[in-house]
Amino acid sequence: MVWTFALGIRGLSRQGSVWRDEAATWQVAERSTAEIWHMLGNVDVVHGCYYLLMHGLFECFGPSTTALRLPSVLAMGVAAACVAVIGRRLAGMWAGLAGGMAFGLLPAVQFYLQEGRPYALVAAGAGVATLLLVSVLQGRDRTVDWAVYGGTVVICGLLNWLSLMILAAHLATLLWTRPRRRVWTRWTTTSAVAVVCVLPLALFSRSQSEQVAWIPPLTWHMLIGPAILLAIGGVGALLDRPRVGRLSVAAVGLPLLAVPQLGLVGLCLIQPLFLDRYVLFALLGLALLIGSSIGSAVRAVRSWHPRASVWVLPVVIAVALVALLPQSLAKRSPASRVDDVVAIAAEVRRMKETGSAVVFVPAARRDTKSVSPSAFTGLRDIALAESPVKSGTLKGVEASSARIRVAMLAQQRILLVTDAARVARPVTAKRDRTKMSVLETYFTAVADKQVRGRRVTVYERLPHFQPVRRLRTRPLQGRSGGLGAQPPARLTPAPAPVTAPPGPRARSWRQPPVPPPAW
């Protein structure tokens with residue numbers, strides 16, 4: 001546990017960076033409880049329990065990267081301790097110590113060890129539930145243990161209902177170890193109650209499935225990583241010499257590693273959901289099997305040279321630490337994430353001018369404004385019809401494409417906040433295409449800055465297109481935003497310079513006007 005805490009505390013702030021997934025946690029945690037409940041009816045209900053937890057922490061300690069990520073560090077420490085205790089009970093002290101320390105060194109664990117999202121908390125809950133199951137199978141069959149087991153599974157399910165696949169892994173362990181009927185009855189009852197408690201959340205979250213519509217369909221190359229993990233786990237299970245009917249590291253660790261991975265692959269046949277973080281808790285099984293293998297190596301060396309056996313684990317950990325040092329350093333840098341919503345906010349603060357407007361492409365990049373509102377003081381969000389808080393969403397509700405176009409044409413200077421070129425996706429939404437079309441046709445870029453996956457570009461109106469009169473527009477009733485605050489302007493070309501054609505008498509003439517755009 002101390003080892004994992006130390007790994008998590010080091011570089012916790014990541015130079016003050018916050019990426020888009022953490023920005024969602026940040027902006028929701030700063031809302032009131034009523035506003036969070038309002039939002040969960042529209043979006044992200046699957047993370048509702050976690051958001052309420054982080055809201056409480058932000059209320060107590062204030063918003064900061066430490067308050068955002070420290071729960072994940074503590075949770076991973078608990079998970080590592082559970083691995084160590086399970087390994088010690090089933091394979092001895094060296095196996096437990098090795099498994100617990102190996103867990104903190106796994107690259108995926110180091111990534112989510114410093115992540116302001118619920119996946120580390122789910123891993124901790126899975127570790128506690130597995131430890132309780134092992135205790136029951138070792139003869140500690142008490143009612144309180146089953147109550148804590150069921151409560152832990154329910155909490156994990158409320159944090160992420162896909163964690164219910166741990167019940168399938170535990171079912172495989174029970175089939176392997178063949179416990180007495182009393183254990184089967186109590187486990188079945190407890191598991192059924194836990195599923196019933198989480199089922200409403202799972203069913204309701206299906207109505208918000210568009211949130212995961214961006215996940216690509218499963219392909220063969222996505223299975224390479226899980227296949228390697230399963231191969232490593234299989235080797236570790238063979239070294240443990242498993243026997244049917246005997247409780248061992250292989251009987252617990254191999255199902256915990258394999259069943260969630262295979263279950264997620266099966267779900268992908270219904271809907272693409274293959275993301276390793278959804279089954280991060282499966283790495284508990286991998287750590288158990290690695291620890292068992294190192295414990296076997298210690299016993300083998302002890303039979304040959306007793307004094308040398310105490311150096312096996314320190315040498316293995318030192319070699320692994322050196323080998324994984326480049327990845328460890330990389331995962332603690334801002335570049336390890338797709339983007340940084342804080343760094344680009346600093347650029348907006350530097351490049352903005354009084355009276356300028358701002359637009360976001362796509363609208364989800366408004367999270368920069370939600371996390372750092374002071375950076376956008378004085379900028380009018382002209383596409384926004386209803387704020388994220390009032391609309392109960394993460395990105396707010398934008399006006400129609402026609403209104404956005406009219407509002408943009410009334411501006412002299414617009415800041416565009418979007419993705420950097422290396423991570424940007426094609427613009428597909430109608431509103432976003434309208435924004436880009438207006439900027440490319442009637443404006444010219446005068447400044448551009450890309451920082452850590454985000455980009456801010458300053459556009460100024462082309463001199464040939466100037467507003468000459470105001471149009472009357474009806475403001476959006478009951479909504480906040482920039483459309484009703486300043487009526488848009490109609491564009492006509494500026495008059496060309498007066499010239500005198502050759503002839504006895506000079507007369508002024510003007511270039512035929514370009515027809516204004518139809519809106």
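In what follows, residues are counted from 1 in the order of the sequence shown.
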Between [atom1] on residue [X] and [atom2] on residue [Y], distance to nearest 0.5 Å:
| X | Y | atom1 | atom2 | result |
| --- | --- | --- | --- | --- |
| Asp432 | Thr418 | CG | OG1 | 8.0 Å |
| Leu162 | Arg277 | CG | CZ | 11.5 Å |
| Thr4 | Leu74 | OG1 | CG | 11.0 Å |
| Leu40 | Ser205 | CG | OG | 12.0 Å |
| Ser17 | Gln15 | OG | CD | 7.0 Å |

Is a side-chain donor-acceptor pair under 3.5 Å present for [Y] with [X]?
| X | Y | answer |
| --- | --- | --- |
| Arg117 | Thr25 | yes |
| Arg142 | Ser135 | no |
| Arg206 | Gln271 | yes |
| Asp448 | Thr457 | yes |
| Ser391 | Thr393 | yes |
| Arg454 | Thr368 | yes |
| Arg182 | Thr185 | no |
| Ser336 | Arg332 | no |
| Trp26 | Asp367 | no |
| Ser72 | Glu115 | no |

* Structure fact -> Tested for side chain to side chain contact (heavy atoms under 4.5 Å, CB included) against Glu347, the lone hit among Lys449, Arg455, Gln450 is Lys449
* What's the verdict on salt bridge (Lys or Arg N to Asp or Glu O under 4.0 Å) for Asp339 and Arg452, showing C-alpha distance, side-chain angles and the deciding distance? -> CA-CA 5 Å; Asp339 54 10; Arg452 297 175 184 173; over 6 Å; no
* **Trace of the side-chain hydrogen bond (donor to acceptor under 3.5 Å, both in side chains) decision for Thr189 with Arg186** => CA-CA 5 Å; Thr189 303; Arg186 289 196 162 191; over 6 Å; no
* To do: Output all residues satisfying side chain to side chain donor-acceptor pair (under 3.5 Å) with Trp94, sequence neighbours left out; order by chain, then residue number.
  =>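 Per chain and number, Trp94 pairs via side chain to side chain donor-acceptor pair (under 3.5 Å) with no residue.
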* Structure fact -> side chain to side chain donor-acceptor pair (under 3.5 Å) filter on Asp44, not counting sequence neighbours, yields Tyr51, Gln211
Mind checking whether [X] and [Y] have side chains closer than 4.5 Å, heavy atoms only?
| X | Y | value |
| --- | --- | --- |
| Tyr278 | Met165 | no |
| Leu105 | Met101 | no |
| Cys82 | Leu284 | no |
| Val195 | Leu167 | yes |
| Pro226 | Phe274 | yes |
| Gln110 | Gln327 | no |
| Val252 | Thr177 | no |
| Ser374 | Arg349 | yes |

* Asked: Stepwise, does the side-chain contact (heavy atoms from CB on, under 4.5 Å) test hold for Leu12 with Thr65?
  -> CA-CA 8 Å; Leu12 183 63; Thr65 54; over 6 Å; no
* Taking the six-membered ring for Trp and the full ring for Phe, Tyr or His, determine whether the centres of Phe360 and Phe376 are under 6.0 Å apart. => yes
* Asked: When His170 is tested against each of Tyr149, Trp176, Trp187 for ring pair (Phe, Tyr, Trp, His ring centres under 6.0 Å), which residue passes?
  ->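 Result for ring pair (Phe, Tyr, Trp, His ring centres under 6.0 Å) with His170: Tyr149.
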* **Check: Thr152 side chain, Val148 main-chain N or O, donor-acceptor pair, under 3.5 Å** => yes
* Asked: What class does the angle between the rings of His47 and Tyr119 fall in, given that below 30° is parallel, 30 to 60° is tilted and above 60° is perpendicular?
  -> perpendicular
* Go through the steps for Val83 and Thr130 under the test side-chain contact (heavy atoms from CB on, under 4.5 Å), then give the verdict. => CA-CA 9 Å; Val83 171; Thr130 304; over 6 Å; no
* His55 and Tyr50: ring-ring contact (aromatic ring centres under 6.0 Å, His included), yes or no, with the steps? -> CA-CA 9 Å; His55 168 72; Tyr50 176 72; over 10 Å; no
* **NZ/Lys395: more than 12 non-hydrogen atoms of other groups inside 6.0 Å** =>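 Atom NZ in Lys395 is not packed in, count stays at 12 or less.
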* Residue pair Leu53, Leu159: steps toward the side-chain contact (heavy atoms from CB on, under 4.5 Å) verdict -> CA-CA 10 Å; Leu53 170 65; Leu159 290 171; 5.6 Å; no
* To do: Carefully, step by step, assess Arg69 and Glu22 under the rule salt bridge (Lys or Arg N to Asp or Glu O under 4.0 Å).
  => CA-CA 9 Å; Arg69 297 174 184 141; Glu22 293 179 313; 2.9 Å; yes
Distance-only criterion, 3.5 Å: show the donor-acceptor pairs between side-chain atoms of residues 304-319 and protein atoms not counting sequence neighbours.
residue : atom : partner : partner atom : Å
His305  : ND1  : Ala308  : N            : 3.2
Ser309  : OG   : Pro306  : O            : 2.6

* **From CA spacing to verdict: salt bridge (Lys or Arg N to Asp or Glu O under 4.0 Å), Arg20, Asp419** => CA-CA 11 Å; Arg20 60 182 66 171; Asp419 293 318; 3.3 Å; yes
* **N-O pairing of Arg14 and Asp340 below 4.0 Å** =>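 Judged by the 4.0 Å cut-off on N to carboxylate O distance, Arg14 and Asp340 do not form a salt bridge.
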* To do: May I have the step-by-step check of side-chain contact (heavy atoms from CB on, under 4.5 Å) for Trp184 and Leu175, ending in yes or no?
  => CA-CA 10 Å; Trp184 272 109; Leu175 292 172; 3.6 Å; yes
* Arg10 NZ/CZ over Phe5 ring centroid, <6.0 Å and within 45° of normal -> no
* **Taking every non-hydrogen atom, the tightest pair across Ala75 and Ala124** =>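 Closest pair (atom of Ala75, atom of Ala124, distance): O-CB, 3.3 Å.
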